[in-house]
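As a basis for the values below, the full set of heavy atoms in this structure was taken, side chains included, without hydrogen atoms, waters or symmetry mates. Treat the numbers as computed from the prediction; the structure is a model and nothing was measured.
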There are 2 protein chains.
Amino acid sequence: MNVSMELLDRAAAEEYASWFKALADATRIQIVSLLARRREPMSVGEIVAASGVGQSTVSHHLRILAEVRFVLVERRGTSSLYRINENCVSCFPTAADVVMGKPVPVAPACE
Amino acid sequence: MNVSMELLDRAAAEEYASWFKALADATRIQIVSLLARRREPMSVGEIVAASGVGQSTVSHHLRILAEVRFVLVERRGTSSLYRINENCVSCFPTAADVVMGKPVPVAPACE
DNA sequence: AGCCTTCATCGACTATCGTCGATTCTCGAT
DNA sequence: ATCGAGAATCGACGATAGTCGATGAAGGCT
């Protein structure tokens, strides 16, 4: 048996890692937790006021969370409203998925 | 209602993040996947041969995985045998845990 | 039109991370 | 005691990521 048969495919490993990277930062954890407590969408300004970090930093983290569809954004006039994507929360891979070799969920499919 | 009441405690957020950081790297994903496929413990040398990265790099990643008790190590003579910690795999937080505010599992408790 | 609010983007700085080669340490064997 | 194999640690390097302030772009208001 070849060594490469033993190793998880590198591309698949990186896709898995990109999921976990999205939650591998304390500020992003706080943001998603905040969005989950308020059931309603929040504007960037509200998140900035609550999070204690700068506006550009919040915008940066929201973009990362939106890239994996963990949050959804809706433009409303001059403001952007962000909310948790429940579908993406439930398809987020678990540690058991990793060790069991479950196929990596594709972010855009979690709409 | 105070703003700090809305935000997840920073220390708790960092503990959550430390869990996800452990799996936020493709090489570590490959290592845990490799350890899970072989049911038996593997020595560092075996992991090095299969992973395709240097010995010090593998040792570094194994240390990170061992810090959150994701893998367990047993000294056997001159070699170290690593294996998956099934208990830790099942107590690893999910995305749903984060958004629901479930208390962060403490790594040393997942023995 | 002009201005103001809101957010995204840019540029720079710093800190952290992943990787490597070299060294050191721990044991077991001779 | 010495040697050698296996693994951890160290030091350095480049790359990546988080944060900030400043700037820019889009839309509402007077």
Side-chain angles (χ1 to χ4, degrees), chain A residues 7-8 10-11 13-35 40-68 70-83, chain B residues 7-8 10-11 13-35 40-68 70-83:
Chain A
L7 256 196
L8 177 64
R10 182 73 187 186
E14 288 181 353
E15 289 180 17
Y16 260 132
S18 70
W19 277 101
F20 292 104
K21 278 181 192 177
L23 293 185
D25 179 80
T27 301
R28 284 197 290 276
I29 293 281
Q30 288 183 301
I31 289 176
V32 299
S33 170
L34 179 64
L35 287 173
E40 302 174 0
M42 294 180 69
S43 71
V44 176
E46 292 176 296
I47 301 174
V48 169
S51 67
V53 293
Q55 179 264 321
S56 61
T57 301
V58 168
S59 187
H60 172 235
H61 286 307
L62 287 171
R63 187 176 56 79
I64 290 176
L65 292 170
E67 277 174 1
V68 295
F70 205 96
V71 300
L72 300 178
V73 56
E74 173 193 4
R75 292 255 155 70
R76 191 68 162 279
T78 169
S79 63
S80 297
L81 301 183
Y82 286 86
R83 60 189 165 88
Chain B
L7 256 197
L8 177 64
R10 182 73 187 187
E14 288 182 352
E15 288 180 18
Y16 260 132
S18 70
W19 279 101
F20 291 105
K21 278 182 192 176
L23 293 185
D25 178 78
T27 302
R28 284 197 291 276
I29 293 282
Q30 287 183 302
I31 289 176
V32 299
S33 170
L34 178 64
L35 287 174
E40 302 173 0
M42 294 180 67
S43 70
V44 176
E46 292 176 296
I47 301 173
V48 169
S51 67
V53 293
Q55 179 263 321
S56 61
T57 302
V58 168
S59 186
H60 172 235
H61 287 307
L62 287 171
R63 187 176 56 81
I64 291 176
L65 292 170
E67 277 174 0
V68 295
F70 204 96
V71 299
L72 299 178
V73 56
E74 172 193 5
R75 292 254 155 73
R76 192 68 165 279
T78 168
S79 62
S80 297
L81 301 183
Y82 286 86
R83 60 187 164 88

Quiz prompt | Gap between atoms CD and P, on A:Gln55 and C:dA8 respectively (whole Å) | solution = 7 Å
Quiz item: Does A:Thr78 make a side-chain donor-acceptor contact with the base of D:dG28, cut-off 3.5 Å?
Solution: no
Practice problem: Using distance alone, with no hydrogens and no angle criterion, decide if A:Ser43 and A:Arg76 have a side-chain donor and acceptor under 3.5 Å apart. | Solution: no
Practice problem: Nearest whole angstrom, please: distance from the P of C:dC17 to the CD of A:Glu14. | Solution: 18 Å
Quiz item: For the side chain of B:Asp25, counting heavy atoms from C-beta on, which of C:dA8, D:dA7, C:dG18 is nearest?
Solution: C:dG18
Exercise. Indicate, with a heavy-atom threshold strictly under 4.0 Å, whether A:Ile64 touches base, sugar-phosphate, or nothing.
Key: sugar-phosphate
Quiz item: Is A:Ser18 reaching over with its side chain to a backbone N or O of A:Glu15, donor-acceptor style, under 3.5 angstrom?
Solution: yes
Quiz prompt | Nearest-nucleotide comparison on DNA chain D, the residue closer to the 5′ end among A:Gly52 and A:Lys21 | solution = A:Lys21
Exercise. Among the candidates C:dT19, C:dA22, D:dT19, find the nucleotide nearest to the side-chain atoms of A:Thr27.
Key: D:dT19
Quiz item: Atom CD1 of B:Ile31 and atom P of C:dT19: how far apart are they, to the nearest Å?
Solution: 9 Å
Practice problem: Report yes or no: does B:Arg28 contribute a side-chain atom to a donor-acceptor pair with the main-chain N or O of B:Ala22 at less than 3.5 Å? | Solution: yes
Quiz prompt | B:Ser79 side chain near D:dA5 phosphate (N/O to OP1/OP2, under 4.0 Å) | solution = no
Exercise. Grab the CD1-C1' distance between A:Ile47 and C:dT6 for me, whole Å please.
Key: 13 Å
Quiz prompt | Whole-Å distance separating the NE2 atom of A:His60 from the C1' atom of D:dA22 | solution = 17 Å
Quiz item: Considering only C:dA8, C:dA22, D:dG21, which nucleotide approaches the side chain of B:Ser56 most closely?
Solution: C:dA22
Exercise. Please confirm whether any donor atom in the side chain of A:Thr57 sits under 3.5 Å from an acceptor in the base of D:dG18, or the reverse.
Key: no
Quiz item: Which of the following nucleotides, D:dG18, D:dA7, C:dT6, is nearest to the side chain of B:Val44?
Solution: D:dA7
Exercise. Please check if atom CD in B:Glu74 has more than 12 non-hydrogen atoms from other residues, nucleotides or ligands closer than 6.0 Å.
Key: yes
Self-check item: Nearest atoms (heavy-atom pairs only) where B:Leu81 meets B:Pro41
Solution: CB-CB, 3.9 Å
Practice problem: Using a heavy-atom cut-off of under 4.0 Å over every strand shown, decide if A:Arg76 touches base, sugar-phosphate, or nothing. | Solution: nothing
Quiz item: With sugar-phosphate meaning primed atoms plus P, OP1 and OP2, does B:Val53 contact a base, only sugar-phosphate, or nothing at under 4.0 Å between heavy atoms?
Solution: sugar-phosphate
Self-check item: Rounded distance (Å) that lies between atom C1' of C:dT16 and atom CZ of B:Phe20
Solution: 20 Å
Self-check item: C:dC7 OP1/OP2 closer than 4.0 Å to side-chain N/O of A:Arg63
Solution: no
Quiz item: Is there a side-chain polar atom (N or O) of A:Ser80 under 4.0 Å from OP1 or OP2 of C:dT6?
Solution: no
Exercise. Round to the nearest Å and state the distance from B:Tyr82 atom OH to D:dG6 atom P.
Key: 15 Å
Self-check item: Qualifying residue for side chain to side chain contact (heavy atoms under 4.5 Å, CB included) with B:Leu65, from B:Asp25, B:Val73, B:Ile31, B:Leu72
Solution: B:Ile31
Quiz item: Over how many whole Å does the gap from B:Leu81 atom CG to D:dA8 atom C1' extend?
Solution: 15 Å
